[in-house]
Novice: 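Take a look at this one; I'll ask things after.
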Amino acid sequence: MKYLSTRNSNLDLSFFEILFQGLSKDGGLFLPHEWPALDINSLKNKTYEELAIEVIHPYVSVEISKNDLKKIIDESYKNFSNPKIAPVTTIDQNKYILELFYGPTFSFKDYALQFLSNLFTYALPKASKKLTVLGATSGDTGSAAIHAFRGKQDINVFILHPYKRVSEVQRRQMTTVKDENIFNIAIKGNFDDCQKIVKELFIDDDLQQKTSLTAINSINWARLIAQVVYYFWAFLQIDEKEINFIVPSGNFGNVFSANVAKNMGLPINQLHIATNQNDILHSSISKGLMKKNVVTQTYSPSMDIQVSSNFERQLFESSGRDSESINHIFKEFSKNNSYTFDKNIQNDLQSCYSTTAVSNDETINAIKEIKEKYHYLADPHTATGLHVLLEKEGNLPWVSLACAHPAKFGDVIEKATGEPPVLPKDLSKFFDKEEKMTILNNNKDILKSLILQNI
Ligand SMILES: *Cc1c(COP(=O)(O)O)cnc(C)c1O
């Protein structure tokens, strides 16, 4: 399998090249030249790990043997606290929840980042490189990355979070990790400020010459292929002819993985996207208008995003894999902060996805209603999807994704239900440990010198 960029479809890169590069130098995102097809019947009765091998191997087969991939996958999921890894529970007829919070940091980010870190460890000696992982987080990605990369040889990890703007559980999951290769940086600013610093350092030639910088956010293709697995898994657990999914979305990574599963032969009938009040995806798909607004803070902070990086991958597909039109779209969009898609792209988007923008009040009400009616406690991100699930009818199964454990967002749960969630034992342990982080002013040069001193 070779890879192209959404902004240059003539590229022909190997999996290891795109693994470390993350983002293409032309500004585009990597995609495979074609979609491998899987025979669903051959996947029945496999464990989660066995299924993962079959789903992922076509994308890495040139570089990684099935045997080696098995070791990487077994290592990635061995610390998950549920034997099914991603269990499916039913709350009502044809209404299901796919639970993705059994990894070490209790959000679905673990399913991809554990795999990514083991892939890096596997590929690093072969590439004889020392890595500096640099990323910004609004909470879940940072903690998942820190727990995935802690103690790894030849990899240093710098994670920026906005000072005093992540939940206490999220912060403690990051700052109580004491391994020498982990650096927690609290920036006096908001999440956009953190992302801006990261982007500036990625194009800093001086820094690039001194170390090999790597991105671990969901623009990295390896993260998306790990997420494809649980869509196949949910279908195989439910065992109907066709299936529908509801996916709470921010950066469009998770729901794009669902569409990849569909391209590989999974019989998905409908994909429904739930956004919060930051509704650029809703507007892009339902009206064809991609317009950048100011990010508002909501009860689902991991979805507080205006420009969804992975949406570019979908636009590439919806334009008939035409990298010239992608270059045109993003040139115009960065000039005007707005772009209206032509009818062909708009029709294709609507044939793939339906959307709902869910308000804060609706999120709170969904948490309350699902608890009262079904005795199920959902985190606020999951609740945006459940708001949609409550209204769905028909003969096909609807599966809504549970993206994080409710205890990560205790304040919102208490607001919705009147009582704080019970902390699972593995989460309460973070409250006994000492924290370690460096608080920095919102300035890229200070961070750059800190990185250079520590690598
Ligand atoms: C990251 C995250 C999301 C958004 O997922 P995308 O892949 O960015 O669309 C939703 N909920 C939670 C809890 C998350 O951590």
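Numbers for residues simply follow the sequence, beginning at 1. Order of listing sets the numbers, starting from 1, for every ligand and every atom in it.
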Novice: Mark up the atoms of ligand 1 that fall under 4.0 Å of a heavy atom belonging to Ala404, in ascending order.
Specialist: 13 (C)

Novice: Are any of the N or O atoms of Phe252 closer than 3.5 Å to those of ligand 1?
Specialist: yes

Novice: Can you pull out the closest protein heavy atom to atom 9 (O) of ligand 1? Residue, atom name and distance to 0.1 Å, please.
Specialist: Gly250 N, 2.8 Å

Novice: Note the single closest protein heavy atom to atom 7 (O) of ligand 1, along with its residue, its atom name and the distance in Å.
Specialist: Asn254 N, 2.9 Å

Novice: Does Lys392 make a cation-pi contact with Trp398 (under 6.0 Å, within 45 degrees of the axis)?
Specialist: yes

Novice: Answer yes or no: does an N/O atom from Asp379 fall short of 3.5 Å to an N/O atom of ligand 1?
Specialist: no

Novice: For Gly253, take its heavy atoms, then give the atoms of ligand 1 lying under 4.0 Å from any of them.
Specialist: 6 (P), 7 (O), 9 (O)

Novice: How are the rings of Phe15 and Tyr3 set relative to one another: parallel (under 30°), tilted (30 to 60°) or perpendicular (over 60°)?
Specialist: tilted

Novice: Classify the ring geometry of Phe256 against Phe252: parallel below 30°, tilted from 30° to 60°, perpendicular beyond 60°.
Specialist: tilted

Novice: More than 12 non-hydrogen atoms from neighbouring residues, nucleotides or ligands closer than 6.0 Å to NZ on Lys433, yes or no?
Specialist: yes

Novice: Tell me: protein heavy atom nearest atom 10 (C) of ligand 1, and distance?
Specialist: Met303 CG, 3.7 Å

Novice: Below the 3.5 angstrom mark, is there an N/O of Phe409, backbone or side chain, next to an N/O of ligand 1?
Specialist: no

Novice: Is any side-chain N of the basic residue among Glu372 and Lys368 closer than 4.0 Å to the acidic one's carboxylate O?
Specialist: no

Novice: Short list, please: which atoms of ligand 1 are under 4.0 Å from a heavy atom of Asn251?
Specialist: 6 (P), 8 (O), 9 (O)

Novice: Does Phe108 approach ligand 1 within less than 4.0 angstrom via side chain, backbone, both or neither, non-hydrogen atoms only?
Specialist: side chain

Novice: Between Asp193 and Lys188, does any NZ, NE, NH1 or NH2 come within less than 4.0 Å of an OD or OE carboxylate oxygen?
Specialist: no

Novice: Which is it for Asp140 and ligand 1 at heavy atoms under 4.0 Å: side chain, backbone, both or neither?
Specialist: side chain

Novice: Atom 11 (N) of ligand 1: which of His381, Lys408, Lys109 has the nearest heavy atom?
Specialist: His381

Novice: Would you please classify the geometry between the Phe149 ring and the Phe120 ring as parallel, tilted or perpendicular, with 30° and 60° separating the classes?
Specialist: tilted

Novice: Would you call Arg150 and Asp179 a salt bridge, using N to O less than 4.0 angstrom?
Specialist: yes

